[in-house]
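This report concerns only the one structure given below.
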2 protein chains.
Amino acid sequence: MEHRIEKIKKQLHSQSYKLTPQREATVRVLLENEEDHLSAEDVYLLVKEKAPEIGLATVYRTLELLSELKVVDKINFGDGVSRYDLRKEGAEHFHHHLVCIECGSVEEIEEDLLLDVEKIVESQWGFEVKDHRLTFHGICRVCQKQAVAASSAEENKK
Amino acid sequence: MEHRIEKIKKQLHSQSYKLTPQREATVRVLLENEEDHLSAEDVYLLVKEKAPEIGLATVYRTLELLSELKVVDKINFGDGVSRYDLRKEGAEHFHHHLVCIECGSVEEIEEDLLLDVEKIVESQWGFEVKDHRLTFHGICRVCQKQAVAASSAEENKK
DNA sequence: CTCCCTGCAAAGACTTTGCATGACG
DNA sequence: CGTCATGCAAAGTCTTTGCAGGGAG
């Protein structure tokens, strides 16, 4: 984990930004919650546990900065909030998401499934693809099982 | 166009909603600007030209309603506003978008390029796909040409 | 008469900004 | 010292809600 912080520090320095304690705390929170898709408010609350004096505005400013540096991706699942997602080590493509419409869980797909599609877009639409956002909405494994369980319970009642 | 309004009217009635004059005016604006990706405010201003007494809240409520009925899709390109996009006749998949990071133009892809990808997601992740959102960010044909023109102008200067 | 719909204004949620203060070289 | 970063509070967006009045059946 430390080396990832070092790396981010270098990225900041290369653009003459500093890794201040607040920024570092924010980055640590993001690293520790890599699986989640935290909103600015979520990050703020978590950072506050370690550095209670931090302000919400600083968190916003830091997330904005990290977003510019492509350290995090800002995403939006359609509820009114922006969420921030750390790019994985070495990944230059933006990972995909599976959002369950039943329970709201969000799963990530690291693998890039769009290589073929991008080729088609480039050749047929003449569009030079730089990045993509792909989200599937549907029913996750867990909720599918529950649906089956519920309907068989229904069966038993008869 | 009239038959599309009729169709929407029936959809509304089937859920015991009415197609009021305000709602109809809103739908007409959406139909007349199918190519664009209007924000609620945009729709409001356009509707106002025909029906000046309409309120912004009604537009929001109508768009929300149409969204529930799957007549329009609510999308979000990362600027802070929701945009509303009419579903095409008979389409049950949500079309894809090409957003140009130079000029901000948005192009649509009707064709469903994700059929194969969805199969993979279903079989390998056990996720039952119901809908998807796919947006590519990159450089559109027009801006690519301008970039070429600009760099050759640069050449000429030498 | 009842229920749904509307306009207006107010409230709300999320995010950005202005400004004085503070850290750092 | 000068610059960049911070915290706080205020201001901004965009969107939703409360409520009284209206309209259709």
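Every value quoted in this text rests on a predicted model; they were computed, and no experiment measured them. In the text below, chain A, chain B and the rest are named by the order of the sequence lines, each starting its count at 1.
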- Task: Give the rounded distance in Å between these two atoms: CG of L65(A) and P of dC4(D).
- Result: 13 Å
- How many Å lie between CD on E68(A) and P on dA5(D), as a whole number? 11 Å
- Message: Rounded to whole Å, please give me the gap between CG in N76(B) and P in dT15(C).
- Response: 11 Å
- Note on the structure: The salt bridge (Lys or Arg N to Asp or Glu O under 4.0 Å) partners of E6(A) (sequence neighbours excluded) come to none
- Message: Strictly below 4.0 Å, N to O, side chains only: are K130(A) and E118(A) in salt-bridge contact?
- Response: no
- Task: Calculate the interatomic distance between D42(A) atom CG and dC14(C) atom C1'; express it in whole Å.
- Result: 13 Å
- Task: Starting from C1' on dC24(C), measure out to NZ on K9(A) and report it in whole angstrom.
- Result: 13 Å
- With sequence neighbours left out, what residues match F77(A) under ring-ring contact (aromatic ring centres under 6.0 Å, His included)? H37(A), H97(A)
- Task: With sequence neighbours excluded, tell me which residues meet side-chain contact (heavy atoms from CB on, under 4.5 Å) with R4(A).
- Result: L31(A), E34(A), L86(A), E89(A)
- For D79(B) and dT15(C), what is the distance between atoms CG and P respectively, to the nearest whole Å? 13 Å
- Its contact letters, B for base, S for sugar-phosphate only and - for none at protein heavy atoms under 4.0 Å, make nucleotides 8-25 of chain D read B-----SBBBB-------
- H13(B) NE2 - dC4(C) P separation (whole Å): 14 Å
- Task: Please state whether the phosphate of dG7(D), meaning OP1 or OP2, lies under 4.0 angstrom from any side-chain nitrogen or oxygen of Q22(A).
- Result: yes
- Quick one: list whatever passes side-chain contact (heavy atoms from CB on, under 4.5 Å) with E49(B), sequence neighbours left out. L46(B)
- Item | Value in whole Å for how far the P atom of dA5(D) lies from CD of Q15(A) | 12 Å
- Pair listing, ring-ring contact (aromatic ring centres under 6.0 Å, His included) test, anchored in residues 15-36 of chain B, at least two apart: none
